[in-house]
Amino acid sequence: MSVGNISFVKDFVIVGFPGLQLHYYGIVSAVMFFVYVCTLAGNAVFFVLFVMTKSLQKPVYYCIINLVVCDVLFSTTTLPKIINRYWFQDGTISFLGCFVQMFFVHYLGGVGSYALAVMAVDRYAAICYPLQYHRLMTNRNVLNLILGCWILGLVGPLMMAIRAYPLPYCAENTIIHCYCDHVSITTLACTDRSLYSIPALINALAVLLCSLAVIVYSYCSIFVAVMGISSTRGRMKTFSTCSPQLIIIALFFLPRCFIYLSSNIGIKFNTDLRLVIIMMYSLLPPMINPLIYCLRTDEVKKILRRFKKRKIGISLLLL
């Protein structure tokens, strides 16, 4: 069938995990709701700390705030609909709504990838060029890099959505996923999807591999610079400034690379297991990242302790 503007599908149904039995729906929806609430609360705490504490308003924390915004938006794009599907057994999403969700899923995924690359560049400049760091990584320069992340990430997903929207969808309308993405939507099109899937795959790999290349180069350079420090204590202290970012980067990239590699070397998973892995690497990092910022960053820990002491002091005065 040729590509046209006529679509027979009026809406889509998000299936989620196809093998999940009905009596587990309540548990799954409760777990996802818990993840969503923790994501919102944890990231809100860090955002409030950033706004209220002038000492945090510097390049490295602007990079983290960029990731905070991206994480909250991604979770808000994906989780409410799948929670609704299991809580109220209503997975219906409008035709346009599905494409809007697809756009934001890929857009925010790309921005998150670029955001991690910017964080790596910040650490690279801080450790490899410490004397020039404050000249290179000014707040203005970092904000320009962050703005670049949001602009650069816009092109690929926008083109994917524009090209996929007019396809004829006259087959089933069930999305075998927990949210609408390019593969799950275009699979339902009554046309040859290779003309659309290959450019989408190239875009996804370009975003992932370009960001990963910047990160690998940055941290390899950091490793070489740190190994040149004479004292063991100095090396450990320098490495500790990078550990939060390294944990966040590992949570973001390693599962994605595993999924891409396994699909290309012939490792097959059943649909439910594949979706569990995808949901874990998509939704757990936004929940875990605030803990990493707060528990692995000395400056944030000091501020939290100060807030805690102030709260205890106010409580004692009230007594």
Side-chain angles (χ1 to χ4, degrees), residues 9 11-36 74-75 77-95 97-106 108-109 112 157 160-161 164 167 169-194 196-205 208 251-287:
V9 172
D11 51 34
F12 292 101
V13 177
I14 295 177
V15 173
F17 305 101
L20 188 67
Q21 297 179 14
L22 184 64
H23 56 271
Y24 290 118
Y25 281 15
I27 296 172
V28 170
S29 60
V31 169
M32 289 184 176
F33 182 73
F34 175 76
V35 169
Y36 186 47
F74 186 88
S75 296
T77 298
T78 54
L79 275 174
K81 192 64 204 176
I82 191 63
I83 291 170
N84 187 65
R85 186 264 179 274
Y86 284 119
W87 211 317
F88 301 106
Q89 298 186 34
D90 179 18
T92 305
I93 184 170
S94 69
F95 189 86
C98 195
F99 281 89
V100 170
Q101 188 183 55
M102 180 196 83
F103 166 75
F104 280 107
V105 162
H106 294 290
L108 294 169
M160 287 160 58
L167 293 178
Y169 295 93
C170 54
E172 291 187 16
N173 66 338
T174 52
I175 303 287
I176 309 298
H177 206 312
C178 295
Y179 48 77
C180 297
D181 70 346
H182 188 268
V183 173
S184 60
I185 293 176
T186 55
T187 301
L188 303 177
C190 306
T191 186
D192 179 13
R193 66 179 298 272
S194 61
Y196 306 91
S197 61
I198 293 173
L201 178 62
I202 291 170
N203 175 72
L205 290 175
L208 193 70
L251 286 171
F252 186 92
F253 281 102
L254 290 181
R256 282 170 170 81
C257 291
F258 173 71
I259 288 291
Y260 280 123
L261 288 172
S262 61
S263 62
N264 282 288
I265 62 176
I267 298 175
K268 301 292 183 183
F269 302 103
N270 68 50
T271 304
D272 288 311
L273 179 58
R274 183 176 62 83
L275 289 177
V276 166
I277 295 171
I278 290 171
M279 291 299 285
M280 285 181 68
Y281 75 60
S282 298
L283 300 173
L284 286 184
M287 182 181 73

So OH of Tyr196 and OG1 of Thr187: to nearest 0.5 Å the spacing works out to 14.0 Å

When you measure from the side chain of His106 to the backbone of His182, do you find a donor-acceptor pair of N or O atoms at a distance under 3.5 Å?
yes

Margin query: Thr186 vs Thr191, test: side chain to side chain contact (heavy atoms under 4.5 Å, CB included). Steps then yes/no.
Written below: CA-CA 9 Å; Thr186 55; Thr191 186; over 6 Å; no

One should read off an interatomic distance between Arg274 CZ and His177 NE2, to the nearest 0.5 angstrom, of 6.0 Å

Q | Within-4.5 Å side-chain heavy-atom neighbours: Tyr179 and Ser282 | A | yes

Hey, does the side chain of Asp11 reach the backbone of Val13 with a donor-acceptor pair shorter than 3.5 angstrom?
no

Partner of Met280 under side chain to side chain contact (heavy atoms under 4.5 Å, CB included), picked from Ile278, Leu284, Leu283, Ile277, is Leu284

One should read off an interatomic distance between Leu275 CG and Ile176 CD1, to the nearest 0.5 angstrom, of 8.5 Å

Would you check, one step at a time, whether the test side chain to side chain contact (heavy atoms under 4.5 Å, CB included) holds for Lys81 with Asn84?
-> CA-CA 5 Å; Lys81 192 64 204 176; Asn84 187 65; 3.8 Å; yes

Greater than 12 external heavy atoms within 6.0 Å of Phe17's CZ
yes

On a heavy-atom basis, the closest approach of Val15 and Tyr86 is O-OH, 3.5 Å

CZ (Phe103) and OG1 (Thr77) are apart, to the nearest 0.5 Å, by 10.0 Å

Taken to the nearest 0.5 Å, the spacing of Leu188 CG from Leu167 CG works out to 11.0 Å

d(Arg85 CZ, Trp87 CH2) to nearest 0.5 Å is 15.0 Å

Using a cut-off of 6.0 Å, state whether more than 12 heavy atoms not belonging to Phe33 lie near its atom CZ.
no

Ser75 and Pro286 have their tightest heavy-atom pair at OG-CB, 3.7 Å

Should Ile14 and Cys180 count as side-chain neighbours, where that means a heavy-atom distance under 4.5 Å? yes

Below 30° counts as parallel, above 60° as perpendicular, anything between as tilted: where do the rings of Phe95 and Phe12 land? parallel

Here the pair of heavy atoms bringing Gln101 nearest to Thr78 is NE2-CA, 4.0 Å

